[in-house]
Amino acid sequence: MIEINEIKIALGSIIEKNKSIEKKFNLKKGTIFNLTGIRQRLISNKFETAEYLAINACKKFNKSKLKNITHIISVTNTPSKRFPGISNHVSTLLNLTNVHCLNLNLGCTGFVDALEISYELIKNDKKNKILIVTADTYSKFINKNDKAVRCLFSDGASSTLVTYKKNGLKLKKKVFKNIVNTTDELSFKENGIKMNGPAIVSFTIKDVIPEIVNLSKNVNCIFSHQAGKVVMSQIQKKVNKNIFLPLNYRDHGNLVSTSIPLLLKQNITRFKKEKKILFCGFGVGLSASIMLFHR
């Protein structure tokens with residue numbers, strides 16, 4: 001059994017409203033919100049790298065909470081340095097020498113994937129104490145003239161403490177999907193991040209939502225990656241209306257691997273009361289990671 005004890009967040013410091021993009025591309029007022037459901041994005045300044053935001057998220061913890069950390073699992077698609085990884089930077093910040101540093105190159109499934117690894121580590125040894133750190137700055141790698149991608153993504157980081165708890169979250173089922181021959185649909189190219197929006201929507205509707213619907217039977221709440229209006233409205237239509245399905249993409253855009261941690265932090269009281277919880281991340285790959293927990 002595990003418990004998500006505490007979550008800290010660090011977001012890009014620049015608030016980018018839709019009107020600035022609409023003005024640049026001569027779009028009618030309200031065009032971006034009507035298409036994406038996103039009102040604004042949080043964008044990093046030139047100093048706020050993925051590493052910088054990750055460390056800031058970790059600094060928000062009381063140092064006493066992070067004593068005896070056994071594992072640091074970091075997740076990012078957009079490091080400013082090829083190596084060492086973010087977990088190694090965090091270990092230096094926390095002055096941890098006897099710690100296992102794991103660095104995952106993952107996107108929107110990243111937090112769920114790190115949570116699955118954490119569960120297995122704690123299942124193997126109840127004394128394990130894990131810090132999951134997610135961080136991405138997609139805005140630094142998007143072509144400024146690509147209005148379709150630019151209007152979706154925000155920059156941010158999270159730091160999540162995961163430990164053993166006797167009556168905590170027990171993993172009941174997990175589903176992982178990876179669709180072959182789709183690696184170019186959302187990928188990093190020489191001239192920036194490229195995304196085939198229709199392909200991703202099709203993947204979500206055909207391969208992800210049916211799994212969510214199947215696993216959400218008798219579930220109290222769903223914490224889903226915040227992919228924007230088109231995808232999230234489809235999920236809302238398909239799942240039981242009584243299920244708590246929080247959304248935050250309107251004011252935060254798509255935060256990649258930090259999407260679910262922010263959603264959890266914003267609804268932490270409700271989360272800790274719920275008995276049957278579904279986590280689902282989907283995107284880069286094209287892949288999906290879905291986990292069902294009972295408390």
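Just so it is clear, the structure is predicted and the values come from calculations on it, not from any experiment.
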Gap between atom CD1 of I122 and atom OH of Y164 - 0.5 Å precision
10.5 Å
Taking 4.0 angstrom as the limit, do K173 and E211 come out as a salt bridge?
no
Any side-chain donor-acceptor pair under 3.5 Å between N18 and R41?
yes
Kindly indicate, with the supporting measurements, whether the criterion side chain to side chain contact (heavy atoms under 4.5 Å, CB included) is fulfilled by V239 and I212.
CA-CA 8 Å; V239 301; I212 292 174; 4.0 Å; yes
Tell me whether S44 contacts the main-chain N or O of G12 through its side chain, where contact means a donor paired with an acceptor under 3.5 Å.
no
Please check if the side chain of S233 supplies one atom and the backbone of K229 the other of a donor-acceptor pair under 3.5 Å.
yes
Residue pair I179, F203: steps toward the side chain to side chain contact (heavy atoms under 4.5 Å, CB included) verdict
CA-CA 8 Å; I179 309 303; F203 159 66; 3.5 Å; yes
Listed by chain and number, what are the salt bridge (Lys or Arg N to Asp or Glu O under 4.0 Å) partners of K8, not counting sequence neighbours?
E6
Under 4.0 Å between a side-chain nitrogen and a carboxylate oxygen: does that hold for R295 and E274?
no
Mind running side chain to side chain contact (heavy atoms under 4.5 Å, CB included) on L131 and T160 for me, showing each step along the way?
CA-CA 6 Å; L131 192 66; T160 304; 6.0 Å; no
Would you kindly confirm whether M232 and F153 end up in one hydrophobic cluster when ILVMFWY residues are joined by side chain heavy atoms under 4.5 Å apart?
yes
Measuring from atom CG of L11 to atom OG of S154, what distance do you get when rounded to the nearest 0.5 angstrom?
7.5 Å
Using a 4.5 Å cut-off on heavy atoms from C-beta on, say whether the side chain of L278 contacts that of F223.
no
Testing L106, I86, D136 one by one against V75 for a side-chain contact (heavy atoms from CB on, under 4.5 Å), which residue passes?
L106
d(L102 CG, I73 CD1) to nearest 0.5 Å is 5.5 Å
Look only at the side chain of S159 and the backbone of A57, and say whether a donor-acceptor pair between them is shorter than 3.5 Å.
no
Taking the side chain as every heavy atom from C-beta outward, state whether F293 and L115 have any atom pair closer than 4.5 Å.
yes
Can you see whether S80 engages E51 through a side-chain donor-acceptor pair at a distance of less than 3.5 angstrom?
yes
Under 3.5 Å, side chain of N267 to main-chain N/O of L263, donor-acceptor pair present?
yes
For T258 and A135, the nearest pair of non-hydrogen atoms, with its separation, is OG1-N, 4.1 Å
Less than 4.5 Å apart, any side-chain heavy atom of L186 and any of I200?
yes
Please tell me whether S158 and T134 have a donor and an acceptor in their side chains that are separated by less than 3.5 angstrom.
yes
Under-4.0 Å salt bridge between E22 and K28
no
List the steps, then state whether side-chain hydrogen bond (donor to acceptor under 3.5 Å, both in side chains) holds for N248 with Q266.
CA-CA 9 Å; N248 66 10; Q266 292 173 332; 2.9 Å; yes
Is any side-chain heavy atom of F282 less than 4.5 Å from a side-chain heavy atom of C108?
no
If we ignore hydrogens and angles and just use 3.5 Å, is the side chain of K165 paired with the main-chain N or O of E3 as donor and acceptor?
no
Would you confirm whether E48, through its side chain, and N45, through its main-chain N or O, come within 3.5 Å as a donor-acceptor pair?
yes
Say you draw a straight line from CG of N95 to NZ of K67; how long is it, rounded to the nearest 0.5 Å?
12.0 Å
Minimum heavy-atom distance between I222 and C280, given as atom pair plus value
CG2-SG, 3.9 Å
Determine yes or no for a side-chain-to-main-chain donor-acceptor pair under 3.5 angstrom, with N128 supplying the side chain and L121 the backbone.
yes
Aromatic ring proximity F47/Y52, centre distance under 6.0 Å:
no
Do the non-hydrogen side-chain atoms of S216 and N240 ever get within less than 4.5 Å of each other?
no
Please evaluate residues K194 and D146 with respect to the criterion side chain to side chain contact (heavy atoms under 4.5 Å, CB included), reporting the C-alpha separation (whole Å), side-chain torsions for both, the decisive distance (0.1 Å), and the verdict.
CA-CA 9 Å; K194 294 296 181 181; D146 189 342; 4.1 Å; yes
Can you give me the closest heavy-atom contact between F141 and P79, atom names plus distance?
CZ-O, 4.1 Å
Contact between Q40 and D251 at the side-chain level, heavy atoms closer than 4.5 Å - yes or no?
yes
Is the shortest side-chain heavy-atom distance between F244 and N220 below 4.5 Å?
no
Spell out, as yes or no, whether a donor-acceptor pair under 3.5 Å connects the side chain of N88 to the backbone of P84.
no
Would you call the rings of H100 and H71 parallel, tilted or perpendicular if under 30° counts as parallel and over 60° as perpendicular?
tilted
If you count the non-hydrogen atoms of other residues, nucleotides and ligands that lie under 6.0 Å from CG in N62, is the total more than 12?
yes
Return yes if some donor-acceptor pair links the side-chain N/O of K24 with the main-chain N/O of K147 below 3.5 Å, else return no.
no
Nearest-0.5 Å distance that lies between atom CD1 in I235 and atom NZ in K238
11.5 Å
Indicate, with yes or no, if Y249 and L262 share a hydrophobic cluster defined by side-chain heavy-atom contacts under 4.5 Å among Ile, Leu, Val, Met, Phe, Trp and Tyr.
no
To the nearest 0.5 Å, tell me how far L152 CG sits from N254 CG.
7.0 Å
For the residue pair S139 and I43, what are the closest heavy atoms and their distance?
OG-CG2, 3.4 Å
Going only through I, L, V, M, F, W and Y residues with side-chain contacts under 4.5 Å, is there a path from M195 to I38?
yes
Minimal non-hydrogen separation, N218 against K276, with atom names:
O-CD, 3.0 Å
Scan side-chain atoms only and decide if Y138 and N77 contain a donor-acceptor pair under the 3.5 Å cut-off.
yes
Between the side chains of R150 and E16, is the shortest nitrogen-to-carboxylate-oxygen separation below 4.0 Å, so that they form an ion pair?
yes
Which atom names give the shortest non-hydrogen contact between C58 and L93, and what distance separates them?
CB-CD2, 3.8 Å
Please confirm whether the backbone N or O of I2 pairs with a side-chain atom of Y119, one donor and one acceptor, at under 3.5 Å?
no
Give a yes or no on this: more than 12 heavy atoms of other residues, nucleotides or ligands lie within 6.0 Å of atom CG of N181.
no
Is D184 salt-bridged to K189, cutoff N-O under 4.0 Å?
yes
Hey, does V201 have a side-chain heavy atom less than 4.5 Å from the side chain of V231?
yes
